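To keep things clear, I will list the structure first and then write my remarks on it.
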Amino acid sequence: MTEERFDPSVADGRWQRAWDEAEVFRADSSSEKPKSYVLEMFPYPSGRIHIGHVRNYTMGDVLARFKAMTGHEVLHPMGWDAFGMPAENAAMEKGVHPGGWTRENIANMKAQLQRLGFALDWSREFATCDAEYYGHEQALFLEFYKHGLVYRRESAVNWDPVDMTVLANEQVIDGRGWRSGALVEKRKLSQWFLKITQFADDLLEGLDGLDKWPEKVRLMQENWIGKSTGLQAHFKGVNFDETIEVYTTRPDTIFGASFVAVAADHPIAQAVADTNHEAADFIKLCKAGGTTAAELETAEKLGFDTGLKVAHPFTGEDLPVWIANFVLMEYGTGAIMAVPGHDQRDFEFATKYGLPILRVVAASQADADKPFEGEAEAGEGIVVNSDFLTGLSVEDAKTAIITRAAEDGWGVPKTQYRLRDWGVSRQRYWGTPIPMIHCDACGVVPVPADQLPVTLPDDVDFKTPGNPLDRHPTWKHVDCPKCGAKAQRETDTLDTFADSSWYFLRFASQPGDKPFDPAEVAKWLPVNQYIGGIEHAILHLLYARFWTRALAHCGMIEVKEPFAQLFTQGMVTHETYSREADGRPVYFSPGEVVRDGNGATLKDDGQPVEIGRVIKMSKSKKNVVDPDEIVARYGADAVRWFMLSDSPPERDLPWSEAGIEGCGRFVQRLWRLFGQYDANAQGDDKPLARKMHQTIAAVADDIEALSFNKAVARIYELTNAAEKAAPSASRSEAIRALMLLVAPMMPHLSEEAWSRAGMEGLIAEAAWPEFEEAMLVEDEVTIAVQVKGKLRDTLTVAKGTGKDELEALALASEKVQRNIDGAPVRKVIVVPDRLVNIVV
RNA sequence: GCGGACGUGGCGGAAUGGUAGACGCCGGGGACUUAAAAUCCCCUGAUCCUUGAUCGUGCGGGUUCGAGUCCCGCCGUCCGCACCA
């Protein structure tokens with residue numbers, strides 16, 4: 001009966017079970033077919049799937065299914081990025097164990113993913129909190145240690161003096177701890193670091209080869225690495241007995257330097273503070289402010305004159321030394337030579353404190369004494385007022401001064417990176433224990449390989465803040481593996497970015513005795529298509545690239561770049577509904593609101609609510625939709641279709657109730673059309689056949705390019721055409737092709753239709769339809785006829801009609817003649833199969 | 001502050017320098033129905049002197065026979081910036 005409706009509540013489960021039983025999505029590493037590794041960034045098990053996950057995984061799923069249909073052996077795995085702060089927060093708030101909480105979340109989310117019918121190889125699933133996984137991670141960490149890629153040094157953390165806890169940046173709000181509200185202090189702790197800077201150049205150069213990554217991400221990484229070349233110059237103290245090392249990328253402007261500025265935690269600043277209360281207070285003030293680049297650079301420039309003087313290395317002139325809040329100890333030498341004329345930050349600072357602003361670069365020699373117009377001039381020009389550099393270009397002056405500095409011995413050329421080593425120590429429980437032991441006699445001793453994994457203790461207490469590992473009565477007390485004396489375990493755990501830096505290798509193979517099998521890694525890696533959010537553009541992707549290089553450095557793998565092709569998808573957004581109450585907005589969820597054409601009202605009281613901007617879905621704004629709910633209402637295929645429709649995948653997708661309903665209707669429309677498949681229909685329908693071949697070719701290209709919205713539009717067009725066409729063999733063929741075309745996107749509907757039409761096997765294992773090249777070209781084309789560039793008429797002619805004939809036909813047009821109105825024709829431009837433009 | 005992206009109907013968006021608005025959503029009209037739902041058909045950028053024409057892709061210039069697309073200068077919005085993942 002073709003009139004029945006497609007019922008996802010029955011069909012979805014049926015086909016999910018069928019795929020599972022037939023092990024359709026299990027990757028076979030012994031397959032002869034070309035491999036395709038499709039990977040979406042694995043989720044943090046927060047408890048519920050977010051609609052953003054659905055979008056991400058739907059895209060990957062379409063590609064994975066398409067690759068399988070086009071003859072590839074596909075690896076499409078899924079796992080859990082299961083360590084992290086939310087589990088500890090839950091433990092503190094609800095008194096549940098992080099492990100139990102995480103496992104429960106994983107079970108829930110896995111069931112949610114399965115209801116969406118994703119073509120995942122669940123046999124390779126793991127969570128990073130599995131002792132097996134993090135034990136191998138510890139082994140890799142020790143391998144890095146052995147190869148000199150791991151070291152320990154002091155580094156500052158955010159310290160909450162009330163909760164006695166280290167805080168993440170996001171837990172510091174306006175300089176105060178998020179729970180205690182106490183003023184956060186900087187405290188130095190001895191912490192573990194990975195030497196990512198050793199690979200700075202390699203990571204930078206590697207970006208050139210990643211031509212299938214978004215330009216934007218490559219640029220972000222390039223800026224992050226921040227390679228610069230410049231001069232490190234020595235500025236000798238005049239009234240004190242030390243030299244300040246200054247790094248500058250603009251040595252050409254050295255004659256414009258009017259003071260030297262050091263960071264608040266620079267040794268010189270510290271020394272001054274020891275004897276000067278005002279300086280100490282100022283340093284305190286600097287440390288109270290934010291530490292991120294954005295905060296530092298937007299904060300008001302503040303400084304303190306130390307009274308110290310240094311000598312300009314070339315002129316010998318005295319320059320004052322200031323402590324400035326915009327100078328970073330972490331970058332360069334922690335001290336700068338300030339050139340207010342040609343650096344905006346220095347300019348603001350100099351203006352505020354009345355320091356000299358000198359011009360040493362100008363458009364031409366004639367402008368050598370031109371005053372500044374309220375801002376620094378950081379651009380190109382020629383050097384002026386600069387002794388032997390005067391008259392040189394900025395570039396030439398850089399070379400000249402660096403050479404001179406080296407000759408005179410007051411400076412050296414220096415390549416500098418913004419990239420800093422990766423601090424991996426976290427003073428937390430729910431992470432991979434760092435496998436080190438501290439012995440009073442032997443110092444730091446790695447945990448021997450046969451004692452791995454170092455597992456987390458289960459009996460931990462979250463009632464008091466701080467690191468439960470450190471407080472645990474027995475866990476940290478061990479014997480030194482070297483001398484046997486009483487020693488202590490390292491109680492810091494690894495940054496969770498470590499866990500996500502090699503999970504894609506573990507998916508390729510999961511031996512018990514080692515992290516991965518090199519042969520399997522060689523077979524599957526690199527990941528052919530990696531898909532995830534733009535928020536990971538820098539850290540995760542850079543750390544994963546580093547980790548892969550580090551493994552190659554240790555001789556464990558060959559591949560250097562883990563992700564051949566990267567795609568960053570947009571967010572799912574929704575408008576917000578709110579009312580003002582006590583000066584703060586109170587938000588309502590879409591389910592509590594009735595939306596009509598121009599406004600929205602609350603269901604409860606029928607009174608209007610304010611419609612806010614369309615923004616990323618977030619719990620705090622309540623503009624979220626629950627994937628389970630919509631899958632239950634419309635079926636997995638309608639939800640998947642909506643995720644792919646309309647918005648280009650890299651852009652934000654605005655969620656709408658009307659949109660998902662439209663998708664639900666389309667599922668039923670296709671169902672009715674598929675029901676009209678008739679294997680015995682006779683007769684040709686050339687235009688429909690042509691449309692079908694064109695659509696098959698175009699949809700394949702669109703999916704390869706991840707332009708799902710375009711593929712969707714083309715499928716609509718073919719559906720419209722097939723619906724209108726009279727029964728024929730061509731029409732049945734088009735219907736069959738449509739089943740296959742939508743199979744990666746709406747797998748349940750297409751399986752159901754495929755089986756109802758009496759086709760062999762599962763559509764998930766069917767081959768992508770073939771198209772005939774000859775059928776792609778039209779034999780008639782529509783030619784635009786313009787007069788002076790404006791459209792006046794169109795002509796329908798045989799494809800390939802000659803230029804002269806087209807010109808004659810165009811001039812013969814009555815509409816054209818009317819618009820020419822007797823004026824002499826000056827020129828006629830003819831583009832065959834496209835247009836004729838008559839210029840009068 | 002630095003870096004980047006984006007700007008086209010009521011909305012999401014199409015458009016190798018060559019007919020702007022494909023496709024979808026919303027809306028309007030009609031058919032079917034006792035009625036509704038579902039479904040189907042038609043219309044849907046703006047304006048006007050409406051068999052036709054003019055204007056129209058954030059704003060201002062430019063290149064070109066021809067610009068949403070290329071160039072220059074503005075304006076606006078959004079995103080990232082090292083312990084969230």
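Just so it is clear, the structure is predicted and the values come from calculations on it, not from any experiment. By convention in this document, chain letters (A, B, ...) are assigned in the order of the sequence lines, proteins followed by strands, and residues within each chain are numbered from 1.
You'll find the ring centres of A:Trp502 and A:Tyr543 outside the 6.0 Å limit. For A:Phe349 and A:Phe326, the ring centers are positioned less than 6.0 Å apart. Less than 6.0 angstrom separates the ring centroid of A:Tyr716 from the ring centroid of A:Trp641. Not less than 6.0 angstrom separates the ring centroid of A:Tyr634 from the ring centroid of A:Phe642. A distance of 6.0 Å or more separates the ring centres of A:Trp80 and A:Phe42.
Residue A:Arg792 is in sugar-phosphate contact alone, with no base atom involved, counting any heavy-atom pair closer than 4.0 Å across all strands shown. At a threshold of 4.0 angstrom between heavy atoms, the contacts of A:Arg665 are confined to the sugar-phosphate backbone, with no base atom among them. Base engagement by A:Phe497 is indicated by at least one non-hydrogen atom pair under 4.0 Å involving a base atom. A:Glu88 comes within 4.0 angstrom of no nucleic acid atom, judged by non-hydrogen atoms across all strands. At the heavy-atom level, A:Trp224 lies under 4.0 Å from base atoms of the strands shown. If you check every strand for non-hydrogen atoms under 4.0 Å, A:Val157 touches a base.
Remark: the separation of the C1' atoms in B:rG66 and B:rA20 is 14 Å, to the nearest Å. One P atom belongs to B:rC49, the other to B:rG17, and the distance between them is 40 Å to the nearest Å. B:rG7 and B:rG52 are spaced 35 Å apart, taking the P atom of each and rounding to whole Å. When the P atom is compared between B:rG1 and B:rG45, the two are found 42 Å apart, to the nearest whole Å. Remark: the separation of the P atoms in B:rG3 and B:rG73 is 15 Å, to the nearest Å. Between B:rG76 and B:rU44, the two C1' atoms lie 30 Å apart (nearest whole Å). Spacing between B:rG56 and B:rG9 at atom P, rounded to whole Å, works out to 14 Å. Straight-line distance between the C1' atoms of B:rU57 and B:rU8: roughly 4 Å, to the nearest whole Å.
Annotated as anti: B:rG30, whose O4'-C1'-N torsion sits more than 90° from 0.
Place A:Asp421 and A:Lys788 on RNA chain B by their nearest nucleotides, and A:Lys788 ends up nearer the 5' end.
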Check your understanding: Tell me, for nucleotides 7-24 of chain B in 5' to 3' order, what letter each nucleotide earns: B for a base near a protein heavy atom under 4.0 Å, S for only sugar-phosphate near one, - for neither?
Key -> S----BSSSB-BB--BSS

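A close approach under 4.0 Å does occur between a side-chain nitrogen or oxygen of A:Thr496 and OP1 or OP2 of B:rA85.
Every residue two or more places apart in sequence or in another chain that forms a side-chain contact (heavy atoms from CB on, under 4.5 Å) with A:Pro86 is listed here: A:Tyr44, A:Trp101.
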Practice item. Test A:Ser155 against A:Phe193 for side chain to side chain contact (heavy atoms under 4.5 Å, CB included), laying out the working first. Key: CA-CA 10 Å; A:Ser155 172; A:Phe193 284 82; 3.6 Å; yes

